Amino acid sequence: MAPLAPKTGDPLFANVERVNAELFTLTYGAIVRQLLADLEEVEEVNKQLDLMGYNIGVRLIDEFLAKSNVSRCVDFKETADIIAKVGFKMFLGVTATVTNWNAEGTTCSLVLEDNPLVDFVELPDTCQGLHYCNILSGVLRGALEMVSMKTEITWVRDMLHGDDAYELQAKLVKQVPEEYPYKDDD
């Protein structure tokens, strides 16, 4: 029998090696600022943050699976719940709420009440189209792709733009069947 997934990420968060939260926040802010200076277009910065996050998510899923003892999720709903309660807690120290499911169970929202990436951040008027935390959408997309789920992740609400929470919408585009690189001999 596969090990049961933890109900929350609290025990994992307590045992994971961390860097200073303020150092992490300021370093991320410096990266975003440098991208703004180099690329000069907010949409290009959004794309680069998403791509950076995607590459992180592709690699981060291995650590998540190794340390969380999560077995294969049955469906997208269970996967979203594990991400919200265990994944966000394990890597960011926050939990998310999963809401707004569509009838097919292929689209939901992950709502963060707190976001450690935005401490000390105020967006200037010239950056109103910037999705400052777009790296998170890329991380989710990359990690989910590694577990055979092709998704689209978009920002719905952002407190940096005056909303009351941070909300990411996750849409399952398709479940990709696993392919093994070898064939058993008959």
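Counting begins at 1 with the first residue of the sequence. Not measured: the values here are computed from a predicted model.
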Next on the checklist: Quick check for you: to the nearest 0.5 Å, what is the distance between Thr95 atom OG1 and Leu112 atom CG?
Outcome noted: 8.0 Å
Checklist entry - Between Asp81 and Lys77, is there a side-chain N and carboxylate O pair less than 4.0 Å apart? => result no
Checklist entry - Which value, rounded to the nearest 0.5 Å, describes the distance between Asp50 atom CG and Cys133 atom SG? => result 13.0 Å
Item to check | Exam field: side chain Asn134 to backbone Asn46, donor-acceptor pair closer than 3.5 Å | outcome: yes
Checklist entry - Are Leu117 and Val111 connected in a single hydrophobic cluster, I mean Ile/Leu/Val/Met/Phe/Trp/Tyr linked by side-chain heavy atoms less than 4.5 Å apart? => result no
Checklist entry - Linking I/L/V/M/F/W/Y whenever any side-chain heavy atoms sit under 4.5 Å apart, do Trp101 and Val173 land together? => result no
Item to check | Heavy-atom closest pair, residues Thr106 and Phe76 | outcome: O-CE2, 3.5 Å
Next on the checklist: Would you say the rings of Tyr166 and Tyr132 are close, in the sense that their centroids are separated by under 6.0 Å?
Outcome noted: no
Checklist outcome for this item: Smallest heavy-atom separation, Thr25 atom then Pro116 atom, equals OG1-O, 2.9 Å
Checklist entry - Is the backbone of Leu36 close enough, under 3.5 Å, to the side chain of Glu40 for a donor and an acceptor to pair up by distance? => result no
Checklist entry - Are Leu26 and Met52 connected, step by step, through hydrophobic side chains (Ile, Leu, Val, Met, Phe, Trp, Tyr) whose heavy atoms are closer than 4.5 Å? => result no
Checklist entry - Should Leu49 and Val156 be regarded as members of a common hydrophobic cluster, given that ILVMFWY residues are connected when their side-chain heavy atoms come within less than 4.5 Å of each other, either directly or indirectly? => result no
Item to check | Straight-line distance of Ser109 OG to Gln169 CD, nearest 0.5 Å | outcome: 5.5 Å
Next on the checklist: Ignoring hydrogens, what is the shortest heavy-atom contact between Thr126 and Val42? Give both atom names and the distance.
Outcome noted: O-CG2, 3.9 Å
Next on the checklist: Are Leu39 and Gln48 packed together at the side-chain level, in the sense that at least one heavy-atom pair is separated by less than 4.5 angstrom?
Outcome noted: yes
Item to check | Fellow cluster residues of Leu51, listed by chain then number, with links counted only when side-chain atoms sit under 4.5 Å apart | outcome: none
Checklist entry - Got Phe64 and Val147 here, is their nearest side-chain heavy-atom distance under 4.5 Å? => result no
Checklist entry - Between atom CZ of Arg141 and atom CD1 of Ile56, what is the distance when rounded to the nearest 0.5 Å? => result 12.0 Å
Next on the checklist: Measuring from atom CG of Asp75 to atom CD of Gln175, what distance do you get when rounded to the nearest 0.5 angstrom?
Outcome noted: 9.0 Å
Checklist entry - At their closest point, which heavy atom of His161 faces which heavy atom of Gln128, and how far apart are they? => result CE1-O, 2.6 Å
Next on the checklist: Determine whether a donor-acceptor pair (N or O, by modelled atom type, separation under 3.5 Å) exists between the side chain of Thr97 and the backbone of Leu110.
Outcome noted: no
Checklist entry - Do the side chain of His131 and the main chain of Trp155 share a donor and acceptor less than 3.5 angstrom apart? => result no
Checklist outcome for this item: One should read off an interatomic distance between Cys127 SG and Glu122 CD, to the nearest 0.5 angstrom, of 12.5 Å
Item to check | Val98 to Ala84 - nearest heavy-atom pair and separation | outcome: CG2-CB, 3.4 Å
Next on the checklist: Closer than 3.5 angstrom, by distance alone: can the side chain of Asp163 be matched with the main-chain N or O of Asp158 as a donor-acceptor pair?
Outcome noted: yes
